[in-house]
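Report on one structure; see the data block that follows.
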Amino acid sequence: MASFLNFPPQLARALFSFKMPRQAHKPIGELALIEQIRRTFSTGTSRSHTVTLGIGDDCAILRAPSGHEILVTTDFSLENRHFRRNLHPSPSVGHRCLARGLSDLAAMGATPIAAFLSLALPPDLLHSRKGRSWIDGFFAGLRSLAQQHRTPLAGGDTSESPADLILADIILIGSAPRGRSLRRSGARPGDALYVTGALGGAHAELSALLAANRPSRATSSQHHPHLFPQPRLAIGSTLLRRRIASASIDLSDGLSTDLTHLCESSRVRAEIDAGSIPFHPLTHLLPPEEALHAALHGGEDYELLFAASSTKRVPRQIAGVPITRIGTLHRTRPGKPLVSLHHPGKGSSELKPAGWQHFS
Ligand code: ADP
Ligand code: MG
């Protein structure tokens with residue numbers, strides 16, 4: 001066994017006199033960027049009663065409203081996996097980055113408290129004029145959605161990326177009345193199944209973008225279900241407050257996949273009716289088979305899928321968004337598929353989870 005006593009004295013001296021190298025100063029580019037972020041987000045998005053201390057110190061300080069508990073979700077957006085610089089305008093990248101986490105909060109009926117953003121940006125973005133304008137656009141898109149949903153940016157981290165790839169990691173903190181968050185697991189046999197808004201639009205818009213293969217010039221958040229999806233926070237909190245939903249999930253991976261998750265968590269099976277699925281108007285650009293595929297399997301619509309007891313009165317619309325009944329949940333039975341799709345006049349078939357993975 002090696003003995004510490006046998007350590008050569010020079011080595012021991014070297015080891016014990018070893019000092020941690022002083023931490024390298026943050027490059028000025030990063031400091032300037034943090035200052036830009038602080039200024040950009042200092043007005044219009046704050047919720048001062050829940051964020052006691054925001055950007056500028058070692059930690060942020062948050063306060064949950066009394067009687068509420070904290071919900072946390074995190075999503076990262078990686079260039080060429082979740083977006084492409086040559087297709088997506090930078091405001092859309094900023095918007096989508098935040099929309100994903102807000103949609104998770106919406107699914108559970110939560111209200112946003114704060115967002116945290118960790119960014120790794122390639123050198124050319126930090127040091128070229130074109131790059132800086134990409135960054136400005138990214139923050140403009142993020143800020144506009146943050147403002148709409150009163151979500152302050154309360155901190156983050158910033159670094160130059162050693163690779164030529166953008167990575168934006170967002171953490172969202174929200175709150176909901178204690179013990180009342182909507183989960184995937186609360187649905188019961190006999191419950192009816194609903195979706196908000198319309199399906200397949202995000203897939204249809206992305207297909208058009210990929211076919212055009214040039215940057216979109218879209219700037220407005222209206223009518224761009226892929227570039228500027230609208231998280232359904234008002235609907236989620238209404239479903240919770242009015243005790244309408246027994247279970248809920250957001251449609252990030254496609255109806256077939258997300259409904260399967262809900263059924264597995266709630267230990268029920270679903271029968272849905274193809275004739276009742278609300279198609280997004282953009283799917284009319286696709287051949288009929290592809291439109292159905294977009295609505296069933298195209299991801300990223302960020303609508304809510306929820307279950308409600310058949311005794312509940314479910315409004316036809318909430319916050320101006322239509323609510324459509326698409327099916328019913330049943331007790332699981334050996335030999336019966338977890339999700340089956342009924343085609344009017346043609347019988348039923350099993351709907352396997354086949355959510356679409358972008359760019360994979
Ligand atoms: P530390 O070195 O103590 O981690 P930083 O210098 O990284 O602090 O950050 C200083 C402040 O700026 C912190 O409050 C941090 O949360 C905030 N910050 C840094 N990067 C970002 C970012 N990308 N978005 C929002 N806030 C950020
Ligand atoms: Mg610190």
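As the structure lists them, so they are numbered: ligands from 1, and atoms in each ligand from 1. Position 1 is the first residue of the sequence; numbering continues from there.
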Exercise for the section: Determine whether the side chain, the backbone, both or neither of Ile55 has a heavy atom under 4.0 Å from any heavy atom of ligand 1. Expected result: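 Both backbone and side chain.
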Exercise for the section: Would you mind finding which of Leu117, Leu142, Asp58, Leu33 brings a heavy atom closest to atom 22 (C) of ligand 1? Expected result: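 It is Leu117 that holds the nearest heavy atom.
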At a 4.0 Å threshold, what atoms of ligand 1 neighbour a non-hydrogen atom of [X]?
X	answer
Ile37	22 (C), 23 (N), 24 (N), 25 (C)
Asp57	13 (C), 14 (O)
Thr158	19 (C), 20 (N), 21 (C), 22 (C), 23 (N)
Asp157	7 (O), 19 (C), 20 (N), 21 (C), 22 (C), 23 (N)
Gly56	11 (C), 13 (C), 14 (O)

Exercise for the section: From the options Arg132, Arg129, Arg85, select the one residue that forms a salt bridge (Lys or Arg N to Asp or Glu O under 4.0 Å) with Asp124. Expected result: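 Among Arg132, Arg129, Arg85, the one that satisfies the salt bridge (Lys or Arg N to Asp or Glu O under 4.0 Å) with Asp124 is Arg85.
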Roughly how far, to the nearest 0.5 Å, is the [atom2] atom of [Y] from the [atom1] atom of [X]?
X	Y	atom1	atom2	answer
Asp253	Leu259	CG	CG	12.5 Å
Leu329	Cys263	CG	SG	5.5 Å
Arg214	Asn86	CZ	CG	12.0 Å

Exercise for the section: Show which residues join Leu282 in its hydrophobic cluster (side-chain heavy-atom contacts under 4.5 Å, direct or indirect), or state none. Expected result: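 Direct or chained contacts put Leu282 with Leu285.
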Practice task
Show which residues join Val321 in its hydrophobic cluster (side-chain heavy-atom contacts under 4.5 Å, direct or indirect), or state none.
Solution key: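 So far as hydrophobic clustering goes, Val321 is joined with Leu182, Tyr194, Ile235, Leu239, Leu240, Ile244, Leu304, Phe306, Val314, Ile318, Ile323.
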Practice task
Flag Gly156 as yes when one of its N or O atoms lies below 3.5 Å from any N or O atom of ligand 1, and as no otherwise.
Solution key: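 Min N/O separation from ligand 1 is below 3.5 Å for Gly156.
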